[in-house]
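Presented below is the structure to which this report refers.
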Protein chains: 2
Amino acid sequence: MSISVAEENYIKTIYQLQMHEDLVSTNAVAAALQTSAASVTDMLKKLKLKKLLVYEKYKGFKLNQQGIQTALGIIRKHRLWETFLVNTLQFKWDEVHEVAEQLEHIQSAQLIQHLDQFLGNPQFDPHGDPIPDAAGKIPIREQINLTQLPVHAMGKISAVGSQSSDMLALLRHKQIELGATIKVEQIFAFDESIDVTINQATLVNISAKLAKHLYVKTIAL
Amino acid sequence: MSISVAEENYIKTIYQLQMHEDLVSTNAVAAALQTSAASVTDMLKKLKLKKLLVYEKYKGFKLNQQGIQTALGIIRKHRLWETFLVNTLQFKWDEVHEVAEQLEHIQSAQLIQHLDQFLGNPQFDPHGDPIPDAAGKIPIREQINLTQLPVHAMGKISAVGSQSSDMLALLRHKQIELGATIKVEQIFAFDESIDVTINQATLVNISAKLAKHLYVKTIAL
DNA sequence: AATAATTTTTAGACAAATCTAAAAATTAAT
DNA sequence: ATTAATTTTTAGATTTGTCTAAAAATTATT
C-alpha cells in the first residue's frame, strides 16, 4: 500500500509536532501545513485507516510505531538530500530546504542507499540535525543544546555557553550545575520556555534565553 | 502558470512521438502512457488551453514551439539525472530509467544548473542520447546511427558498421555509398524500416537491420 | 453551573486526473 | 457509395485532496 506525497507531508509534520507535545492537535497541523482544520480531519481518517496513527475524535492524535518509522524514512531522505545539495552541489545551507522538500518524496530505496554511500554515510546534515539510518535509528550527538531536547527526554548538563555572573547566579538559584540530570517535562510554545525536573526532584521553569546557553549529553530512557 | 506532473508526462510523450510521425494520434499517446484514449482527449484540451500544442478535433496534433521547449526542458532534466545516477551513484545503465522518471519532475532551475555543472556539462547521457542545453539546443553527435535520425532530417553517410560482402552488394544495389546524402522521408513503425531519398534523387527503403549498420553525419536543414 | 469562546468534525462542493460506455467522426472495405 | 471497422470525442462517474459554512464537542469564563 503506497503513501501519497500529501500523506507523507502530513506524517512528517505530525512527527515533528509530537516531538514537542505528546499529543498533536488538528489546528497545530493545519497551521504548520497552511491548510484548513477540516482538511486535516479528512486526512487523519485516511491515516488511521492505513494504521499509521492513533486517533480518536476530539481527543488529539499521534503517530504509532508504524507511522513513526514512516516519518523517519522521509526525514532520512530529506536530510541526505540536504547534505548532497550543500556538500556536493555547493548550495548554501539556507537555499536547500525547498528543493529537499521535493526530493524527499522520490520513491527508490536503491537511490537512497547509493546516495548515502556516495556521501559517506553522514550522521548529521549541514544544519547539524541527525540523519536516521536505514532502520530508523537516530544518531545521538554527544552534546546538544537544551532547546533541542524533546519532551520527556533526559540529559546531563555538560556545558554552559556563558560565564556571565548574572547567568551563574540564576543557575545557582535553580540548583542547576554541571553533571545535574535534567528531564524535559513540558515545552511552552508561547515563549519557548521549558519545565524541567532537576535531579529527578525539583521542577523548575527555564526561559528560552537560558536554555540556549545550556548543553546536555542525552541519556537513553 | 505551472505545469503538473501529469501534464509533463503527456508533453514528453507527445514530443517523442512527433519525432517519428509529424502528427501524433490520440491512440498512440494512450498506448505510450498506458491510459485510455478518453483521458488523452481530456488532457489535449488542457494543453491546448495552455497554448502548448496545435490541436483540432479528430485531426491529430503536435506540440508548438512553446510545447517543444517545455519538452526539451524535461528531457534535459531526465538525461542529466540519468548521467548522475550512472556516473556518480554507480547505478547500472539499465537501472536508472524509473528513478529518472521521478527526478525529472523536480522543479528547481538552480538544482539543474548546479547538477549540470557538477557533472561537467555533459553533452550526452550514458545511453548516448543528447542532453539539450539550458536554452533547449540539442548537441549533434558527429556521427550517429541512421536509426537515430528523425523524420525529415538529413545526413551524409560517414561509415558502415560491417564489411560483409552481402551488405556491400545491397548498398551498391541501392546506390548508397560513403559521402552520399540521405534524407529520412518516413519511418514505418511496424518493421522499423525507413524510406530515404539518396542524393536528393532516388527514394529507397532501408530495413531496420541495414539501418543499424549505417552511420551518418547530420546536416543542418 | 450556565454561557461564551474555541476547537474539531461533518456536510456538501470543487478541481484535477482518471475511468467506462456510448455517440460522433473518420477511414477502410466490400 | 454504402456499409463496416476504427478512431476519437463526449457524457457521466470516481478518487484524491482540498475548500467553506455549519454543527457538534470541548474548554474557558463569568
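The sequence lines fix the lettering, A, B, ..., with proteins before strands; numbering per chain opens at 1. Worth saying up front: this structure is predicted, and the values here are computed from it rather than measured. Only heavy atoms go into these numbers, but all of them, side chains included; no hydrogens, no water, no symmetry mates.
- The phosphate of D/dT8 has neither OP1 nor OP2 within less than 4.0 Å of any side-chain N or O from B/Lys57.
- Of the listed nucleotides (D/dG17, D/dT20, C/dA17), C/dA17 has the atom at the smallest distance from the side chain of B/Ala6.
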Taking only distance into account, with no hydrogens and no angle test, what donor-acceptor pairs under 3.5 Å do side-chain atoms of residues 18-26 of chain A form with protein atoms, sequence neighbours excluded?
unit_1	atom_1	unit_2	atom_2	d
A/Gln18	OE1	A/Leu63	N	2.8
A/Ser25	OG	A/Ala28	N	3.1

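- Taking atom CD of B/Glu7 as the reference point, atom P of C/dA15 lies 16 Å away to the nearest angstrom.
- Minimum atom distance to the side chain of A/Thr41 is reached by C/dT9, of the listed D/dT9, C/dT9, C/dC19.
- Taking atom CG of residue A/Leu44 and atom P of nucleotide C/dT7, one finds them 16 Å apart after rounding to whole Å.
- The distance from atom CG of A/Asn9 to atom C1' of D/dT16 is 14 Å, rounded to the nearest whole Å.
- Here D/dT8 is the nucleotide among D/dG17, D/dA24, D/dT8 with the atom lying nearest to any side-chain atom of B/Tyr58.
- At the heavy-atom level, A/Lys45 lies under 4.0 Å from the strands shown only through sugar-phosphate atoms.
- One finds a side-chain N or O of A/Tyr10 lying less than 4.0 angstrom from the OP1 or OP2 phosphate oxygen of D/dT18.
- Toward the 5' end of DNA chain D, the nearer of the two residues A/Ser39 and B/Glu56, judged by each one's closest nucleotide, is B/Glu56.
- Between atom CG of residue B/Leu119 and atom CD of residue B/Glu82 there is a gap of 12.0 Å, rounded to the nearest 0.5 Å.
- Atoms CE (B/Met43) and C1' (D/dT10) sit 17 Å apart, rounded to a whole Å.
- Rounded to a whole Å, the CD1 atom of B/Ile11 is 15 Å from the C1' atom of C/dA17.
- Classified by interplanar angle (parallel below 30°, tilted 30° to 60°, perpendicular above 60°), the ring pair B/Phe84/A/Phe84 is tilted.
- Checked for salt-bridge contact, A/Lys12 and A/Glu104 meet the test: a charged N lies under 4.0 Å from a carboxylate O.
- Here C/dA25 presents its P atom at 13 Å from OH of B/Tyr55, a figure rounded to the nearest Å.
- Picking from D/dG17, D/dC19, C/dC19 the nucleotide with the shortest atom distance to the side chain of B/Ala38 gives C/dC19.
- Nearest nucleotide to the side chain of A/Ala37, out of C/dT8, D/dT18, D/dT9: C/dT8.
- A donor-acceptor pair is defined here as one N or O able to donate and one able to accept, closer than 3.5 Å; no such pair exists between the side chain of B/Lys212 and the backbone of B/Ser207.
- There is no side-chain donor-acceptor pair under 3.5 Å between B/Gln102 and A/Gln107.
- Checked by atom type, the side-chain pair A/Asn145/A/His213 shows no donor-acceptor distance below 3.5 Å.
- Residues from residues 25-36 of chain B that place a heavy atom under 4.0 Å from any atom of DNA chain D, listed by number: B/Ser25, B/Thr26, B/Asn27.
- Comparing C/dA17, C/dT18, D/dG17 against the side chain of B/Ser4 picks out C/dA17 as the nearest.
- One can place NZ of B/Lys59 at 18 Å from C1' of D/dT6, the figure rounded to the nearest angstrom.
- Nucleic acid contact for B/Phe61: none, since no nucleic acid atom lies under 4.0 Å from a heavy atom of the residue.
- For B/Asp42, whose side chain is taken as the heavy atoms from C-beta onward, the closest listed nucleotide among D/dT10, D/dT18, C/dA17 is D/dT10.
- If you take NZ of B/Lys48 and C1' of D/dT8, they are 15 Å apart, rounded to a whole angstrom.
- The distance from atom NZ of B/Lys62 to atom CD1 of B/Ile68, rounded to the nearest 0.5 Å, is 8.0 Å.
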